[in-house]
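The structure appears right after this line, and notes come after that.
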Amino acid sequence: MIEFTKEYIDGLKRIIRSRDGATALALLDELHPADIAELYRELDLQEAIYLYMLMDGDKTADVLMELEEEDRRRLLKEIPTEQIAKRFVDKMDTDDAVDLMRELDEDTQEEILSHIEDVEQAGDIVDLLKYDEDTAGGIMSTEMIVVNENWSMPQCIEEMRQQAEDMDEIYNVYVIDDDGRLKGVLPLQKLITNPSVSKIKHVMQREPVLVHDSDSIEAVTESITKYDLVSLPVVDSIGRLVGHITVDDVMDEIQEQHERDYQLASGISQDVESSDRVFVQTAARLPWLLIGMIGGLSNSMILGSFELGFAHNPKMALFIPLIGGTGGNVGIQSSAIVVQGLANNSLKRHQIVRQVMKESAVSLINATIISLIVLLYNIFTLGDRNITISVSASLFSVVLFASIFGTVVPMLLDRLHIDPALATGPFITITNDIIGMLIYMLISSALMN
């Protein structure tokens with residue numbers, strides 16, 4: 001990974017100001033597209049545009065897709081649609097081109113499509129834009145090697161050479177019948193070891209792992225990780241081959257999903273970046289802060305209704321952080337395990353009862369150990385029988401409740417098709433805090449009465 005020093009950036013800016021295109025291009029030729037995209041953050045908009053116009057189309061397209069979405073959108077606003085079509089979209093794989101087009105409004109999309117010289121590519125982009133972006137069809141690419149099952153091996157090799165001229169990488173060779181239906185996959189090893197076979201269908205690998213264009217990204221991810229695949233064919237409702245998905249596409253989707261889940265678990269209601277405007281970040285963070293404030297006020301009301309108890313025995317207040325913190329931690333642990341199981345498909349939706357039983361057994365052991373430790377501590381240090389018993393009994397109850405609640409909620413959210421990651425953040429913490437305080441106050445009051 002390259003680290004750009006201040007001297008390097010200042011030198012590049014001087015080259016740009018002097019319009020020394022040859023020197024600037026020589027510097028860019030030494031860099032990976034991801035490194036050039038990192039340079040964008042150090043340049044102003046006009047400097048970045050100058051560099052982009054110097055590079056050749058293929059590299060420019062790669063750099064563009066490496067940019068952060070907000071930076072990319074800002075750059076594209078300053079470039080004519082004809083240039084976007086010819087310098088970017090024309091040089092991209094269809095899946096990258098579709099990702100780019102989704103970030104633009106419909107009018108801009110139509111203008112760009114009208115400037116694309118390859119009518120077939122424009123048609124592919126239009127077809128892919130019709131898919132939901134969270135489905136296999138929404139992330140697949142149409143650039144792939146396709147052969148007919150009735151071809152001979154020499155005919156197959158010749159056709160592959162022609163198709164491969166416009167491709168950067170070849171993952172698999174897909175075999176179809178005369179109607180375009182996927183029949184199998186031809187491993188490259190078969191091409192080498194069976195150079196004179198009469199027909200492809202005699203050596204192809206039948207019944208390959210595949211997904212349908214309407215399948216979710218989660219189903220695609222599960223298939224690729226389960227079977228250790230580098231690419232996955234996509235078929236339509238009647239089995240015709242319409243595209244394929246490569247492992248790098250899936251990794252991008254997994255990373256985006258992890259970022260969304262992490263932010264959701266942190267109480268951020270929408271996808272934001274550190275570079276986003278103040279208003280955008282505020283709108284994403286404020287909702288859960290307000291909910292947390294309401295939770296805090298609810299706790300205050302609960303504690304206020306038991307103020308006579310505090311007046312009678314002020315030592316009760318010493319254990320409020322212990323009860324609230326323990327309940328929140330236990331709930332987050334339980335929900336995190338369930339969310340992880342749902343994400344990697346090791347936990348099925350119909351297993352809610354079994355998971356609750358298992359979590360109950362775990363929480364029973366944890367609750368017993370924690371409450372006994374606190375009980376012994378209070379016996380030797382506190383000297384108050386009622387508080388000693390109430391704190392231990394409350395901890396035991398809170399740990400049991402938080403564990404079961406943290407298990408059930410994400411599984412219910414998943415059944416309702418709501419992101420279960422919601423249950424690993426403030427929602428669990430706030431709820432357990434309120435319920436924990438209520439349990440503590442009720443048990444303490446009962447013992448004192």
Side-chain angles (χ1 to χ4, degrees), residues 58 61 89-99 116-131 135-215 217 219-220 223-224 227-250 253:
D58 290 336
V89 179
D90 269 347
K91 309 298 182 181
M92 292 179 175
D93 290 339
T94 50
D95 55 339
D96 289 334
V98 169
D99 289 341
I116 296 177
E117 297 177 355
D118 188 339
V119 178
E120 184 178 352
Q121 184 194 22
D124 289 340
I125 293 173
V126 171
D127 291 338
L128 292 180
L129 282 171
K130 296 176 182 177
Y131 288 105
T135 63
I139 63 171
M140 71 181 181
S141 171
T142 57
E143 287 86 8
M144 53 189 171
I145 302 293
V146 182
V147 298
N148 190 287
E149 64 178 346
N150 295 312
W151 290 351
S152 66
M153 190 65 76
Q155 183 182 2
C156 172
I157 293 174
E158 181 59 31
E159 184 65 29
M160 286 175 57
R161 286 173 179 164
Q162 295 179 17
Q163 295 183 32
E165 288 179 357
D166 299 325
M167 298 184 62
D168 295 329
E169 295 179 353
I170 300 175
Y171 294 93
N172 274 317
V173 178
Y174 300 109
V175 184
I176 59 173
D177 61 15
D178 294 333
D179 295 320
R181 291 185 175 89
L182 179 67
K183 305 304 291 185
V185 175
L186 180 62
L188 296 179
Q189 181 255 356
K190 296 290 186 181
L191 291 172
I192 300 172
T193 57
N194 298 273
S196 60
V197 70
S198 58
K199 290 185 178 181
I200 297 300
K201 63 183 178 182
H202 297 315
V203 294
M204 70 180 182
Q205 177 184 322
R206 299 179 182 274
E207 299 182 359
V209 179
L210 56 83
V211 291
H212 289 83
D213 52 10
S214 58
D215 287 346
I217 292 178
V220 174
S223 295
I224 284 186
Y227 298 105
D228 293 326
L229 303 174
V230 293
S231 71
L232 189 62
V234 183
V235 299
D236 62 14
S237 57
I238 59 174
R240 292 176 301 188
L241 181 67
V242 292
H244 75 144
I245 298 171
T246 58
V247 66
D248 57 322
D249 297 325
V250 172
E253 293 298 328

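Bear in mind the structure is a predicted one, so any value in this text is a computation, not a measurement. Residue indices begin at 1 and follow the sequence shown.
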Closest non-hydrogen atom pair between [X] and [Y], with its separation:
X	Y	value
Leu128	Gly137	CD2-O, 3.7 Å
Val146	Trp151	O-CZ3, 4.2 Å
Leu232	Val209	CD1-O, 3.4 Å
Gly138	Asp99	O-OD1, 4.5 Å

Could you pull out all residues at least two apart from [X] that satisfy side chain to side chain contact (heavy atoms under 4.5 Å, CB included)?
X	value
Ser141	Asp93, Thr94, Asp95, Glu143, His244
Ile170	Ile145, Ala164
Val185	Asn172, Tyr174, Pro208
Glu120	Asp118, Asp124

Using a 3.5 Å distance criterion without hydrogens, assess whether the side chain of Gln205 forms a donor-acceptor pair with backbone atoms of Pro187.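 It does not hold such a pair.
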Using atom types as modelled and distance alone, determine if a side-chain donor or acceptor of Gln121 lies under 3.5 Å from a backbone N or O of Val89.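 The answer is yes, because a donor-acceptor pair under 3.5 Å joins these two groups.
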If the condition is side-chain hydrogen bond (donor to acceptor under 3.5 Å, both in side chains), which residues does [X] pass it with, not counting sequence neighbours?
X	answer
Asp178	Asn148
Asp177	none
Asp213	Tyr131
Asp236	Arg240

Point-to-point distance, once rounded to the nearest 0.5 Å, from [atom1] of [X] to [atom2] of [Y]:
X	Y	atom1	atom2	value
Gln155	Met160	CD	CE	13.0 Å
Ile245	Ile224	CD1	CD1	6.5 Å
Cys156	Ile200	SG	CD1	3.5 Å
Leu182	Leu210	CG	CG	6.0 Å

List for me each residue that meets salt bridge (Lys or Arg N to Asp or Glu O under 4.0 Å) alongside [X], sequence neighbours excluded, and say none if there are none.
X	result
Asp179	Arg181
Glu159	none
Arg206	none

Answer yes or no: is there a side-chain heavy-atom contact under 4.5 Å between Ile116 and Asp90?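 They are in contact (side-chain heavy atoms under 4.5 Å apart), so the answer is yes.
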Between Met204 and Lys183, is any pair of side-chain heavy atoms under 4.5 Å apart?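 They are in side-chain contact.
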Is there a side-chain contact (heavy atoms from CB on, under 4.5 Å) between Met153 and Val203 once you walk through the steps? CA-CA 10 Å; Met153 190 65 76; Val203 294; 4.0 Å; yes
